Novice: 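Got a structure here, written out as structure tokens. Questions coming.
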Amino acid sequence: MNLMTDTKLQQALETSVDDKTDELIKMQGRKVTVHYGYKQALFDIDLDIRENQVTALIGPSGCGKSTFLRCLNRMNDTIAGAKVGGMITLDSENIYDPRIDVVELRARVGMVFQKPNPFPKSIFENVAYGPRIHGLARNKADLQAIVESSLKKAALWNEVKDRIHEPGTGLSGGQQQRLCIARAIAVSPEVILMDEPCSALDPIATAKVEELIDELKQNYTIVIVTHSMQQAARVSQRTAMFHLGYLVEEGPTEKMFTNPDDKRTQDYITGRFG
Amino acid sequence: MTDATLERLPVAKAPARRDIGLKRRYAAERRFRFYGLAAISVGLVFLAVMLLSIFGKGYTSFVQTSVLLPITFDQKVIDPQNKRDSDPNVLVKANYPVLAQRALAERLGISPTDKPQMAALKGFVSDGVRTQLRNMVVADPSLIGTTKDVWVLAGANIDSAFKGQIDLDVAEGNRKVSDKQVAWMNQLRDQGVMEGKFNTGLFTFGASSRPETAGVGVAIVGSFYMMLIVLVLALPIGVAASIYLEEFAPKNRLTDIIEVNINNLAAVPSIVFGLLGLAVFINFMGLPRSAALVGGLVLTLMTLPTIIIATRAALAAVPPSIRSAALGLGASKTQTVFHHVLPLATPGILTGTIIGLARALGETAPLLLIGMVAFVADYPTTPLDPSTALPVQIYMWANEAERAFVERMSGAIIILLVFLMAMNITAIVLRRRFERHW
Amino acid sequence: MPMIYYVILVISIGIVALVIARRRAALQIQGAVKQHSRPHYHGWWAFLLATVPAILLIIVWSIGSSIYVERRIDAQLPQQAADGPIASRSLALSLVGRLADALHRLDAETLANLPSSFEELRPKLAEKGVALAPDTQDYMIPIAVEANRTGDALQMTGGVLALLLSIAGAAYGIRSIQPRARARNNVERVVRWGLLASSMIAILTTIGIVLSMLFETFYFFSSVSPLDFFFGTVWDPRFAAAGATDSVGQFGLIPLLAGTLYIAFIALLVAVPIGLMSAVYMAEYASPHVRSIVKPALELLAGIPTIVYGIFALVTLGPFLRDLSAALTGGSPFIQAQSIFTAGFVMGIMLIPVVSSLSDDIITAVPRALRDGSLGLGATRSETIKRVVLPAALPGIVGAILLTASRAIGETMIVVLAAGVAARLTLNPFEAMTTITVKIVNQLTGDLEFNSPQTLVAFALGITLFAVTLLMNIVALYIVRKYREQYE
């Protein structure tokens, strides 16, 4: 699985440290490849994810952005026939190392999915599930505090505090998605991956979720896949452009949208293909 | 747009109608529809006829003719030597039918010395009176010497005659009740001491050579033990197997073989499972014949495929988004399955299990091979005791010649069908109630 | 069964280990290092370590020691028993076995001065409620005593070993608790093995069916030639006394096979048209409301056990047809009370819901687009069904009919009650004929000696039945699966 030796990785790590010293690399992908059966979906992706920033992955559909996202917490493991090559690190630790427990990894790198997928249980149980299995709460009061603070962080508390024991599936789409974010936050992850989190929502709900993402970046590192360039421009600090399984270009969002280096990026953001 | 803005243009002329045989085709359509309706009706009518004929034959079995007799518990008959304190067997061995016969004679005003009349009384009251009176006296010896009104069962032929099932126009020699007995019967009915009462014995008695004291109580207990064994073994094993195949198994040759194999097992004739039980459980492992344990094991193997197929369908119906949600939170695969997927699949699993159990409850053929066609009169206390099952009891009564047994058998079928309908309806309701559309 | 006590002890040790391990793991939460697994996983891992190996040992040890004891008894049986025919040798073995079991019930004092003759021993055993066969020999008593002693010693050793193993497992489990220890993964691995083992039971059942029947069938073929069985046209298994080798009887499969196929054919003749037409109506014409009532009703009917159909044929339909035919000809009935027709007809009724629900699924799987294409050309409903839907569904329907046919061939209770027991070859559907399943039941009910060809033939019949139905099922399931994949 690992194409590079450890010394090579070390060199790669050193060279990639940014000039700006206040920004830290949280996750790092080096020569990441993904095969689904005989079909290759990603080709040698090198990408850094910076701490406490929102990184947006954009590109036309089928470009591999979601695939790359799912590599970051090894959700690709659950797809039969998927093979990941190269190396991805979290705090300079290779997450595909056989010694890494995938469950522990996913507790550190949480995920929010395209369609809101609350468990068919109460709102409280939805948020409490993660802390329960990971043993994050000492007692009931602790658990309640975690649930409350997570719902508050997800800007959902005021809307649901009176019906916390009603089923989470009864909420509106936007609320459900924020519930899913609250559920992810409750585990206190370091990184939150979001796979087109607003694609199933109406514009008002989208605005709320985007607002939330902006607030969350103070405490979490966020990677968001989006098909909407406006959204990427609104919420992210850095943007990576994917095309046909290759990483075309990566840089500060502002630069990407005003003065991209690659012609394909330019074509894409001006709507020539997509 | 208003009319004013419309240009007035001529309407296109329709070409001459082609003949596409509409009339003939619609007739064919109606015929076809009629065939479909007819097929459904024919099927339903056959089934209705069958059920009606069984109910018609069986409903009378829930009534049993009984006679109210003033029984005198005469010490001279029960314990002539007054030894009951030293030898408890005296009370058990006493000649109780004599008491009933004397009481009956008294009711009918027959002198006990009138030998031919007394002989004709034979069979008027069921021989089951022996057990009935014995149990009364053994439970309360102070009854001896007193007189008490007791409802006793009429004999099988009297019972049939009383229910009007014996044609009294037939010559006396060709029917099973004599004119004298019929006269007595009418006399007792007019006195109000002979009537049809609800037949509790049908539910409590075991096998018996006399129809009026034969019941399905023992068979129901045997069936219950077997269902318990099936539930305790087949449900967990079936669910575990389905979870493995649906959630964990890598797609390879082995799982393919297991899958094909399970689908085939579901269609293997049930009698083959009986042969397996005979060869493996009884011959090889040395478990006792006629035991509910062996029956339960055989039925478990038979029910497993049904439960596995239903459970896998229920698991597959749980949307993958639930799984990714839990996995994304850092739940392990096992936690995901046991915390989320399995609870959501429970209604489907229960439906499949109930249907499987209902099939097992009505299954007869494999049980015949492992020796459950046995005359079992006593309640089994453990699953290792000889026992029989409800459908097997029905089968055994089907082989009896007497008319009264046919009635019992039909009654037993009604009981079996009521159990099965209740289970199946529960399953259908459960499925409708908890059916989830994702 | 004293071994069960060891099992209980082992489980108790496991529970103690669970509690200790959980507490110990919970105490480590205070430490600085983040725990890998929650405390209860450490508890369960300790429990599994303490119980699973020990219980496996107990099972293996019990089987091993009972085989060993049996060998010992076998070796000690005197020569004349050993030289005798197999029946008497296995009889002697089982007599000693039963005697040994019975001796277990006696108290220590009686055991200490055990009488040396069976005559004296018998009443003492009877006092304890144990009745033994009268042909138990005197020489068997010391063998039984010796067998019991060996057995007890072995059990004791095995039990103690299991307990030691259990304690060792518990200690290891408790000692290995560290914040980074992956107890959850360990527990989950065991759970997964358990799940895998459960799914292997299905395979084991098939292997059990095949092996057990093959074994008995080979035994049967040692006294009757396979040629005579498979191609014989006469079925006449004389119930000869055991040992009388001159009259084994004739075991010809052909009449039974013919009866089976004949009855199944008539059943399909009834069930397929009616069932198929009802399915078409249900799938294509019936309103959702009607469907929601008739479908569950059909399911209920499919749930009626076959013995009920059999009784209906035996008690009502059979006599009715006989009387009817008697009335028609004015005297002699040409339909017998038990006949191929009665059995086949009733079986056909039973199969209607089966055919209809199988083909309903098949027909509704035909994609809407096909129907729309035909209706859009101006075809009527029935034309669409006859020319488009049914041809498209044909492979699936053939599969469904094959599955139904295999049910008909394997059906037992209806034919046992309605078809008769006379094995003969006839073409007249109003006469009685018998089937493979009927003969399996006949040969195995009643008090027959197990090892005679008369009973063993049932296994040869069984494996024939199994092979035929298995073949049909595999083909049918394959067709149906391919059919479904085509439209998915």
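Atoms considered below: every heavy atom in the structure, side chains included; atoms not considered: hydrogens, waters and symmetry mates. Because the structure is predicted, anything quoted here is derived from the model rather than measured.
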Novice: Before you tell me yes or no, could you show the steps for C/S382 and B/R31 under side chain to side chain contact (heavy atoms under 4.5 Å, CB included), namely the whole-Å CA-CA distance, both residues' side-chain angles and the distance that decides it to 0.1 Å?
Specialist: CA-CA 9 Å; C/S382 61; B/R31 268 202 310 279; over 6 Å; no

Novice: Counting C-beta onward and ignoring hydrogens, is there a side-chain heavy-atom pair between C/I203 and B/I258 closer than 4.5 Å?
Specialist: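 With C-beta onward as the side chain, the pair touches.
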
Novice: Check whether any side-chain heavy atom of B/L275 sits under 4.5 Å from a side-chain heavy atom of C/E216, and report yes or no.
Specialist: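 No, their side chains stay 4.5 Å or more apart.
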
Novice: Any heavy-atom pair between the side chains of B/Y395 and C/L417 that's under 4.5 Å?
Specialist: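 Side-chain contact under 4.5 Å: yes.
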
Novice: Report which part of C/V210 has an atom under 4.5 Å of a heavy atom belonging to chain B: side chain, backbone, both, or neither.
Specialist: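 It is neither, since no heavy atom gets under 4.5 Å.
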
Novice: For C/L196, is it the side chain, the backbone, both or neither that has a heavy atom under 4.5 Å from a heavy atom of chain B?
Specialist: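 For C/L196, the contact with chain B is made by backbone and side chain together.
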
Novice: Report yes if some heavy atom in the side chain of C/L477 is under 4.5 Å from a heavy atom in the side chain of B/N264; otherwise report no.
Specialist: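 In short, these two side chains touch, coming nearer than 4.5 Å.
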
Novice: Given a strict heavy-atom distance threshold of 4.5 Å, which part of C/S356 is in contact with chain B: side chain, backbone, both, or neither?
Specialist: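 For C/S356, neither part sits under 4.5 Å from chain B.
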
Novice: Tell me, out of C/M282, C/R407, C/M472, C/E299, who's got the most heavy-atom pairs with chain B below 4.5 Å.
Specialist: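 It is C/E299.
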
Novice: Output the option from C/F215, C/F345, C/Y478 having the highest count of non-hydrogen pairs under 4.5 Å with chain B.
Specialist: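 Of C/F215, C/F345, C/Y478, C/F345 has the most heavy-atom pairs under 4.5 Å with chain B.
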
Novice: Kindly indicate whether the side chain of B/F32, heavy atoms from C-beta on, has any atom under 4.5 Å from the side chain of C/V280.
Specialist: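 Result yes, sub-4.5 Å side-chain heavy-atom pair found.
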
Novice: Tell me, for B/M409 versus chain C, whether the close heavy atoms (under 4.5 Å) come from the side chain, the backbone, both or neither.
Specialist: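 Just its side chain gets close to chain C.
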
Novice: Side chain from CB out, backbone as N, CA, C, O: work out which of these in C/I311 comes under 4.5 Å of a heavy atom of chain B, or both, or neither.
Specialist: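 Contact with chain B involves the side chain of C/I311 alone.
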
Novice: Among B/V272, B/V268, B/L37, who wins on heavy-atom pairs under 4.5 Å with chain C?
Specialist: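 If we count pairs closer than 4.5 Å to chain C, B/L37 comes out on top.
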
Novice: Check whether B/R33 gets within reach of chain C through its side chain, its backbone, both or neither, counting any heavy atom under 4.5 Å.
Specialist: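 Both the backbone and the side chain of B/R33 come within 4.5 Å of chain C.
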
Novice: Taking B/E259 first and then C/R481, would you say they form a salt bridge - that is, a charged N and a carboxylate O separated by under 4.0 Å?
Specialist: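 The answer is no: the pair does not qualify as a salt bridge.
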
Novice: Does any heavy atom of chain C fall under 4.5 Å from the side chain of B/L245, the backbone, both, or neither of them?
Specialist: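 Answer is side chain: those atoms of B/L245 sit under 4.5 Å from chain C.
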
Novice: For C/V308, is it the side chain, the backbone, both or neither that has a heavy atom under 4.5 Å from a heavy atom of chain B?
Specialist: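 The answer is both parts of C/V308.
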
Novice: So what's closer than 4.5 Å to chain B heavy atoms on C/L300: side chain, backbone, both or neither?
Specialist: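 It is both, since atoms from each part get that close.
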
Novice: Would you say that more than 12 heavy atoms from the other residues, nucleotides or ligands in this model lie under 6.0 Å from the CD of C/E383, or not?
Specialist: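 Count over threshold, so yes.
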
Novice: Does any heavy atom of chain C fall under 4.5 Å from the side chain of B/K333, the backbone, both, or neither of them?
Specialist: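 Neither part, no heavy atoms under 4.5 Å.
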
Novice: Using heavy-atom distances under 4.5 Å, tell me whether C/F320 contacts chain B through its side chain, its backbone, both, or neither.
Specialist: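 Contact with chain B: none, neither part.
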
Novice: Do C/F312 and B/S53 have side-chain heavy atoms sitting under 4.5 Å apart?
Specialist: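 Answer yes - side chains close enough.
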
Novice: Step through the shown structure and confirm whether more than 12 heavy atoms of other residues, nucleotides or ligands are within 6.0 Å of OH on B/Y35.
Specialist: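 Result for OH/B/Y35: open.
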
Novice: Can you tell which part of C/T469 gets under 4.5 Å to a heavy atom of chain B, answering side chain, backbone, both or neither?
Specialist: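 Contact with chain B involves the side chain of C/T469 alone.
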
Novice: Between C/E188 and B/Q335, is there a side-chain heavy-atom distance shorter than 4.5 Å?
Specialist: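 Side chain of B/Q335 against side chain of C/E188, heavy atoms only: contact under 4.5 Å found.
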
Novice: Does any heavy atom of chain B fall under 4.5 Å from the side chain of C/I409, the backbone, both, or neither of them?
Specialist: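 Neither part, no heavy atoms under 4.5 Å.
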
Novice: Can you tell me if CZ on B/F419 sees more than 12 non-hydrogen neighbours from other groups inside 6.0 Å?
Specialist: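 Result for CZ/B/F419: open.
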
Novice: Measuring heavy-atom distances to chain C, does B/A398 have an atom under 4.5 Å in its side chain, in its backbone, in both, or in neither?
Specialist: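 When you check distances to chain C, atoms from both the backbone and side chain of B/A398 fall under 4.5 Å.
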
Novice: Which bit of B/I370 comes within less than 4.5 Å of chain C, counting heavy atoms only: side chain, backbone, both or neither?
Specialist: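 No part of B/I370 comes within 4.5 Å of chain C.
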
Novice: Would a 4.5 Å heavy-atom cut-off, applied to side chains only, mark B/F273 and C/T205 as touching?
Specialist: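 Side chain of B/F273 against side chain of C/T205, heavy atoms only: contact under 4.5 Å found.
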
Novice: Tell me, side chain or backbone of B/I394 under 4.5 Å from chain C's heavy atoms, or both, or neither?
Specialist: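 For B/I394, the contact with chain C is made by backbone and side chain together.
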
Novice: With a 4.5 angstrom heavy-atom cut-off, which part of C/I352 approaches chain B: side chain, backbone, both or neither?
Specialist: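 The answer is the side chain of C/I352.
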
